[in-house]
Amino acid sequence: MFRTNAFALRNSGTPELWNSGTPELRNFGTSELRNFLPTIRPMADPVQLLAERFRAAIDRTFPQAAGADPLITPCKSPEIGDFQSNAAMGLGKRVGKNPREVAAALVQAVDLAGLAEPLTDKSIAGPGFINIRLRPAALRDALSAMDTAGLGIETPADRRTVVVDLMGVNLAKQMHVGHLRSPVIGDCLARTFERLGHAVIRQNHVGDWGLPIAMVTRRIADQAARGVISLDSLTLDDLDAAYKTAQAECERDIAGLEAVKRYGLGPKALAELEEQVNGATESFTAARQTLVKLQAKDPAVYRVWQRIYDVTMKVCLDVCAALHVNCTAEANAGESSYADELAPMVDDLVARGVAVPDQGALIVRVDAPDKAADGTPMWEPIKEPCLVRKSDGGFLYATTDICAVRRRVQKLGAHEIVYAIDARQNLHIRQFAAAAIKAGYAIHPKTGRPARIAHAAFGAVLGEDGRPFKTRSGESVKLADLIAEMFARAANAVQTRSPELAGDDARRVAEAVGIAALKYGDLSTDRVKDYMFGFDRLLSFEGNTGPYLLYAFVRIRSIFRKAAERGVGDGWKAAPFACDLPAEKNLALALLRYPGAVRGVADTLEPHRLCQYLYDLAGVFSTFFDQCPVLAAETPAQRDGRLRLCDLAGRVLADGLGVLGIPTVERM
RNA sequence: GUCCCGGUAGCUCAGUUGGAUAGAGCAGCCGCCUUCUAAGCGGCAGGUCGGGCGUUCGAAUCGCCCCCGGGACGCCA
């Protein structure tokens, strides 16, 4: 297969994104260039090679089942073999034969010359598993083939444009733990698509519009006019307080009023509630007027809104920068940016009969999906209709979301839109996605097919008591404070374990460790489940944690530092990979699984698959590190073969951590 | 009420389109640092995979029915 790698190279390094502040690593990254040569190389993946051979054998032996999947997977345990084919069982059913007979026939027919040890009857186990042992030379070839800048990840045949919707901040609301997962997960998915060679557009769908925002704007404008606050020194805490007060002011206790009337709770209670309701109605009316002014871009009101926007976004983008989340002002595409498009869009929906009146409002019914040309339904039926205009003429968040789909597909050319959003929004997302498809807005202008609209749903962040993460007094924790505490704890741990690190070095290490702990904790479990947050566990540095992976990487880098100190040349770069001993072989086999692991994340939108892979890799490396001395190897040839294996392992680890959005360090 | 998502070791979690004896980490116990970072490695112990029925050569995984927990359900965003 012909590889040019130029694209993979551009997307694999991106040191400015995940290595900033670690200049040593940048050198490490660019050292990959030495392997960059546009050469013809054999396909690396043994699974694919074995599958080809088995497919040929199946076609020849059982023509009636030609094309059947050979079902090649890595063996669970190294004692059994390296890879196995599970095809015989299913095949037995299809051709009406005993699975073991089928396996025996396949063992006879398959030609594994140059790839694996010859198969015998003893290769068949249980109901018909066929166990395969790779030849060391084939393993070395496979490793050599992936030992390029792209680390075995091929440039995609179909380069897609993927929009990733991440962040989910609201104007004038303090960021708390609840805002952690969307940027962490969304950025990781974005990096995954980028790494695979797709075009990624990040979108920060800021909640910056609508009546609630108008309420705050009015209150802030009011306070500024009265000199209670200064717009110049506004903080997000001020805004958060104003938001809550404004919300409460406009909250009419109509239910309370009716209860008082019904149960006759006395004139005093009645008077109080009437006053509350009247006051709230007044505030509500004022907020509506502010909204109208805002929509008309009234300079005085708009200036206040802009200030609120800037203050909020500053905090948001600072958090992103601190966490190495690649989301900048470029990604901003708030609800306000759709405001002028909503009325014409809804008119279009009405004109084409997509939206219909119902109880005074406008809805899009999505319970009976349209059929595609091939007869398949274009979305899953949903009983609840999607509301696009209220009976008072106002638009809803679904309207904006439909509008966003339209822009993303029609203008930005998205083949795929991924929403990194709270699991509770699932129904809403399915509704507006269905409505957008029904309206034709989700049909890609070039391909003519609907864009894939996917919800990367995630659960809540819980405290160690299993309840939503809060302070002891029950308040939500500011995200910036949480990050600061994680960094402080990381710094403390680094100081304890590595007192020789000081100054900027120590700070950088603490930062990397803190980010690793925080992000890996979030990414390493199935995202749809709630996850339990605990500083101690995430920073424990033991077991399946971010710091453990960093540590594995650091130990590899240490070998190369020592090698340089001892005057070991770079002859190892052309040495055959060491993969004779079990620990070497296990490491080699694990390395080969890397491209599949990254693809798996893109296919399922599940970052924890890559985490699991990297943890496995770090584990087999640690065993190797323990059992196979590199610099003190028995022969120079063995040393060089191990050095090359370590180099590849280090690059895969750093690359994988980069996909997760975790920066690496040279020592810790 | 309808729908969605969970339930796996004492705790926190993995478990590939159904595959071999259900795996890690923490906590507990036992070993291993004059040698490349012990934030590590090796070992022991720990399981009615919420319950039941079914499909199959084979079920944590698929189907049906229950139980428990969380969440969402047109005029907030």
Side-chain angles (χ1 to χ4, degrees), chain A residues 69 71 73-77 80 84 86 89-90 92-93 98-100 125-129 131 170 207 209-213 247 335 358-363 382-392 394-398 400-401 422-428 430-431 457 459-460 464 466 493-494 496-498 513 521 524-526 528-532 534 536-537 539-545 547-548 550-552 554-563 565-566 596 600 604 608-609 611-612 615-616 618-619 622-633 642-643 646 667-668:
Chain A
D69 191 336
L71 297 168
T73 61
C75 286
K76 258 187 193 166
S77 140
I80 297 171
Q84 65 187 70
N86 297 337
M89 285 80 79
K93 184 131 210 154
N98 179 322
R100 281 197 74 104
F129 303 109
N131 295 319
N170 291 298
W209 208 242
L211 198 57
I213 305 300
Q247 200 81 6
E335 294 175 340
D358 189 86
Q359 298 169 41
L362 272 178
I363 62 169
I382 304 161
K383 206 165 58 182
E384 296 85 353
C386 184
L387 219 67
V388 294
R389 195 173 72 194
K390 298 189 284 182
S391 48
D392 68 0
F395 301 116
L396 298 101
Y397 72 148
T400 308
D401 277 313
D422 193 324
R424 287 174 300 184
Q425 304 272 356
N426 184 261
L427 175 61
H428 168 242
R430 280 162 43 224
Q431 280 178 310
E464 280 169 303
V494 169
T496 309
R497 309 216 185 225
S498 307
V513 167
S524 61
T525 63
D526 189 355
V528 83
K529 297 185 188 175
D530 295 347
Y531 99 94
M532 207 167 273
D536 291 336
R537 194 160 46 78
L539 269 169
S540 75
F541 303 156
E542 280 161 15
N544 194 4
T545 66
Y548 171 79
L550 283 184
Y551 180 63
V554 160
R555 295 212 287 181
I556 294 173
R557 299 306 304 143
S558 178
I559 294 172
F560 286 92
R561 266 200 311 277
K562 287 284 192 312
E565 284 169 16
R566 296 179 197 183
T604 61
H608 80 279
R609 289 166 183 266
C611 294
Q612 193 66 43
Y615 180 58
D616 288 347
S622 293
T623 303
F624 164 86
F625 185 87
D626 204 56
Q627 296 179 2
C628 303
V630 177
L631 299 177
R642 286 178 178 173
L643 275 169
C646 288
R667 56 189 97 212
M668 63 189 275

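Remember, it's a predicted structure, so these values are computed and weren't measured experimentally. Throughout, protein chains are lettered first and strands after them, A, B, ... in sequence-line order, and every chain is numbered starting at 1. Only heavy atoms go into these numbers, but all of them, side chains included; no hydrogens, no water, no symmetry mates.
Legend: residues meeting side chain to side chain contact (heavy atoms under 4.5 Å, CB included) with A:Gln612, ordered by chain and number and at least two apart, are A:Asn544, A:Tyr615, A:Asp616. Contacts of A:Arg609 classified as salt bridge (Lys or Arg N to Asp or Glu O under 4.0 Å), with partners at least two apart in sequence or in another chain: A:Glu606. Judged as a side chain to side chain contact (heavy atoms under 4.5 Å, CB included), and not counting sequence neighbours, the contacts of A:Leu71 are A:Asp69, A:Asn86. Here A:His428 pairs with A:Tyr397, A:Phe432 under the ring-ring contact (aromatic ring centres under 6.0 Å, His included) rule; sequence neighbours left out. Applying the side chain to side chain contact (heavy atoms under 4.5 Å, CB included) rule to A:Ser77 yields the partners A:Glu79, A:Ile80; only residues at least two apart in sequence or on another chain are considered. Qualifying salt bridge (Lys or Arg N to Asp or Glu O under 4.0 Å) partners for A:Asp626, counting only residues two or more places apart in sequence or in other chains: none. For A:Asp392, the side-chain hydrogen bond (donor to acceptor under 3.5 Å, both in side chains) test picks out no residue, with sequence neighbours left out. Checked against side chain to side chain contact (heavy atoms under 4.5 Å, CB included), A:Phe625 has the following partners two or more places apart in sequence or in another chain: A:Arg555, A:Ile559, A:Phe621.
Taking CZ of A:Arg561 as the start and CZ of A:Arg667 as the end, the distance is 4.0 Å to the nearest 0.5 Å.
Stacking between A:Phe129 and B:A20 is present: the aromatic ring centre lies within less than 5.5 angstrom of the base six-membered ring centre, and the two planes differ by under 30 degrees.
Remark: A:Thr623 is in phosphate contact with B:G42, judged by side-chain N or O atoms under 4.0 Å from OP1 or OP2. Between A:Lys93 and B:C57 there is a side-chain polar atom (N or O) within less than 4.0 angstrom of OP1 or OP2. Residue A:Tyr548 places at least one side-chain N or O under 4.0 Å from the OP1 or OP2 atom of B:C41.
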*Where along nucleotides 26-32 of chain B does protein come under 4.0 Å, by heavy atom, of base (B) or sugar-phosphate alone (S), with - for untouched nucleotides?*
S------
_Base-contact (B) and sugar-phosphate-only (S) positions in nucleotides 72-77 of chain B, heavy-atom cut-off under 4.0 Å, - elsewhere_ = SSBBSB
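Nucleotides B:G58 and B:G40, compared at atom C1', are 39 Å apart to the nearest Å.
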Anything under 3.5 Å between a protein N or O and an N or O of nucleotides 8-12 of chain B, put it in a table, one pair a line.
residue	atom	partner	partner atom	Å
B:U12	O2'	A:Arg537	NH1	3.0

Distances under 3.5 Å only, N/O to N/O: pair up the protein atoms with those of nucleotides 60-63 of chain B.
none

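Checked by distance alone, A:Asn131 brings a side-chain donor or acceptor within 3.5 Å of a matching partner on the base of B:A20.
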